[in-house]
There are 2 protein chains.
Amino acid sequence: MSENKSKHQQVIEALAVSDGPMSANELWEHLRSNPTLKSIGIATVYRSLKKGVEDGELVPVELESGSVRYESSGLQHHHHFLCSTCSRAYDVEGCVKNLEKLLPQGFEMTRHEILLYGLCADCKMAG
Amino acid sequence: MSENKSKHQQVIEALAVSDGPMSANELWEHLRSNPTLKSIGIATVYRSLKKGVEDGELVPVELESGSVRYESSGLQHHHHFLCSTCSRAYDVEGCVKNLEKLLPQGFEMTRHEILLYGLCADCKMAG
DNA sequence: CACGGAATGATAATCAATTATCATACACGG
DNA sequence: CCGTGTATGATAATTGATTATCATTCCGTG
């Protein structure tokens with residue numbers, strides 16, 4: 001047995017320690033910055049994401065048109081912040097009350113997502 | 001001067017009276033159900049949406065990956081409900097308090113979006 | 001060490017959304 | 001009615017994301 005982690009495991013783990021969901025491409029660029037993964041192919045990233053979702057380890061998160069991001073399943077309830085400058089998505093803790101008040105008559109709500117937009121700390125600092 | 005509305009005007013007006021934002025394709029199908037617009041082409045819909053945004057009459061709304069919806073600009077602050085069955089987006093009135101509490105240290109929020117998911121009244125009834 | 005299956009990388013193929021093209025149909029001023 | 005410029009519809013082309021393909025590399029086993 002190899003003592004090294006498979007690429008697949010590394011994809012899953014990268015998302016486990018990330019501070020927000022990532023798209024296939026974001027993840028690819030992120031992973032390649034790691035010396036041991038310099039040569040990872042985008043196909044492997046897509047394959048791992050697909051398998052991760054099938055295995056229930058990952059959850060797809062759709063925050064925008066154009067790309068699907070992924071995060072570890074089993075994170076506690078949280079929401080997201082989308083930086084208008086760097087386009088990164090960050091997890092934000094907590095929630096708010098009284099969302100049911102918004103629900104129109106006759107509608108049934110099964111879940112919700114709160115999206116905050118603006119500048120992340122890094123971009124604000126850099127700005 | 002023709003007493004008839006141009007296709008462009010009709011696209012803008014359809015969104016003005018809609019109960020939620022629509023994608024180019026949704027709008028196209030919706031408009032074609034109107035006898036006077038049976039033959040409208042999808043290109044005209046895209047052109048009108050583009051021009052509407054340029055003119056400031058419309059605003060693009062991204063609620064999912066895969067498609068951009070549009071709504072009239074100047075609507076009062078509101079949020080959206082996305083039906084998991086029919087995929088339609090509906091406007092929902094109102095908002096909630098304490099969203100700032102969610103903001104991580106050092107981040108700056110310029111706007112927010114609340115998305116409710118579930119069954120719309122029609123689909124719930126039909127279901 | 002040879003073999004067979006799984007993992008991987010490069011890249012071609014696919015798919016949906018959107019944009020570009022182009023010939024036609026209109027609308028209006030002369 | 002004629003010419004000109006805009007609006008429109010059909011459809012080809014483009015784009016970005018994702019998936020499929022295929023040859024190669026890995027790994028553990030016999």
Side-chain angles (χ1 to χ4, degrees), chain A residues 1-15 21-55 57-71 82 86-89, chain B residues 1-15 21-55 57-71 82 86-89:
Chain A
M1 177 187 77
S2 168
E3 68 199 41
N4 296 311
K5 296 166 184 168
S6 69
K7 303 274 169 90
H8 174 70
Q9 284 175 302
Q10 294 189 270
V11 167
I12 302 296
E13 286 177 21
L15 284 174
M22 282 190 271
S23 66
N25 204 62
E26 285 171 340
L27 200 42
W28 185 48
E29 309 223 309
H30 173 70
L31 291 168
R32 284 191 301 168
S33 69
N34 177 332
T36 62
L37 286 169
K38 281 186 291 295
S39 69
I40 190 171
I42 186 74
T44 298
V45 176
Y46 273 106
R47 272 188 293 249
S48 295
L49 290 173
K50 190 176 189 182
K51 182 161 188 303
V53 171
E54 288 168 357
D55 295 350
E57 297 174 293
L58 302 180
V59 182
V61 180
E62 305 198 2
L63 305 179
E64 289 176 301
S65 77
S67 75
V68 181
R69 291 184 171 83
Y70 297 84
E71 67 184 12
L82 209 43
C86 65
S87 299
R88 280 218 288 159
Chain B
M1 175 189 79
S2 166
E3 69 198 40
N4 296 313
K5 297 166 183 169
S6 69
K7 303 273 170 92
H8 175 68
Q9 285 174 301
Q10 296 190 267
V11 167
I12 302 297
E13 287 177 20
L15 283 174
M22 281 190 272
S23 66
N25 202 63
E26 285 172 340
L27 200 42
W28 185 46
E29 308 222 311
H30 172 69
L31 291 168
R32 283 190 303 168
S33 70
N34 177 332
T36 61
L37 286 169
K38 281 184 292 295
S39 69
I40 190 170
I42 187 74
T44 299
V45 176
Y46 274 105
R47 271 188 295 249
S48 295
L49 290 173
K50 189 176 190 181
K51 183 161 190 303
V53 171
E54 288 167 0
D55 295 350
E57 296 173 293
L58 301 180
V59 182
V61 180
E62 305 197 1
L63 304 179
E64 287 177 301
S65 76
S67 75
V68 180
R69 291 185 172 82
Y70 297 83
E71 66 184 13
L82 207 43
C86 65
S87 299
R88 280 219 287 159

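Keep in mind the model is a prediction, meaning the values are calculated, not measured. Computed over heavy atoms, backbone and side chain alike; hydrogens, waters and symmetry mates excluded. Reminder, nothing fancy here: chain letters follow the sequence lines and each chain counts from 1.
- Between B/Leu31 atom CG and D/dG9 atom P the separation is 10 Å, expressed in whole Å.
- Following rounding to the nearest Å, B/Glu29 (CD) and C/dA17 (P) show an atom-to-atom distance of 11 Å.
- The OH atom of B/Tyr70 sits 12 Å away from the P atom of C/dA17 (whole-angstrom rounding).
- Atom CD in B/Glu26 sits about 14 Å away from atom C1' in C/dA16, given to the nearest Å.
- Between the CD atom of A/Glu62 and the C1' atom of D/dT18 there is a distance of 13 Å, given to the nearest Å.
- Closest heavy-atom contact between A/Ala14 and A/Met22: O-CE, 4.3 Å.
- Side-chain contact between A/Glu64 and B/Glu64 is absent, with no heavy-atom pair separated by less than 4.5 Å.
- Taking atom CG of residue B/Leu27 and atom P of nucleotide C/dT18, one finds them 12 Å apart after rounding to whole Å.
- The CE atom of A/Met22 sits 16 Å away from the P atom of D/dA17 (whole-angstrom rounding).
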Q | Footprint string (nucleotides 3-10 of chain C, 5' to 3'): B base within contact, S backbone only, - free, heavy atoms under 4.0 Å | A | -----BBB
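- Using modelled atom types, one side-chain atom of A/Trp28 and one backbone atom of A/Ile40 make a donor-acceptor pair closer than 3.5 Å.
- As a whole-Å value, the separation of B/Arg32 CZ from D/dG9 P is 11 Å.
- With hydrogens and angles left out, the side-chain atoms of B/Thr36 and B/Asn34 include a donor and acceptor closer than 3.5 Å.
- Contact annotation: the side chain of B/Val53 approaches that of B/Pro60 to within less than 4.5 Å [non-hydrogen atoms, C-beta and beyond].
- Remark: side-chain polar atoms of A/Glu29 are not paired, donor with acceptor, to backbone N or O of A/Glu26 under 3.5 angstrom.
- Distances shorter than 4.0 Å separate some side-chain N or O of A/Tyr46 from OP1 or OP2 on D/dT18.
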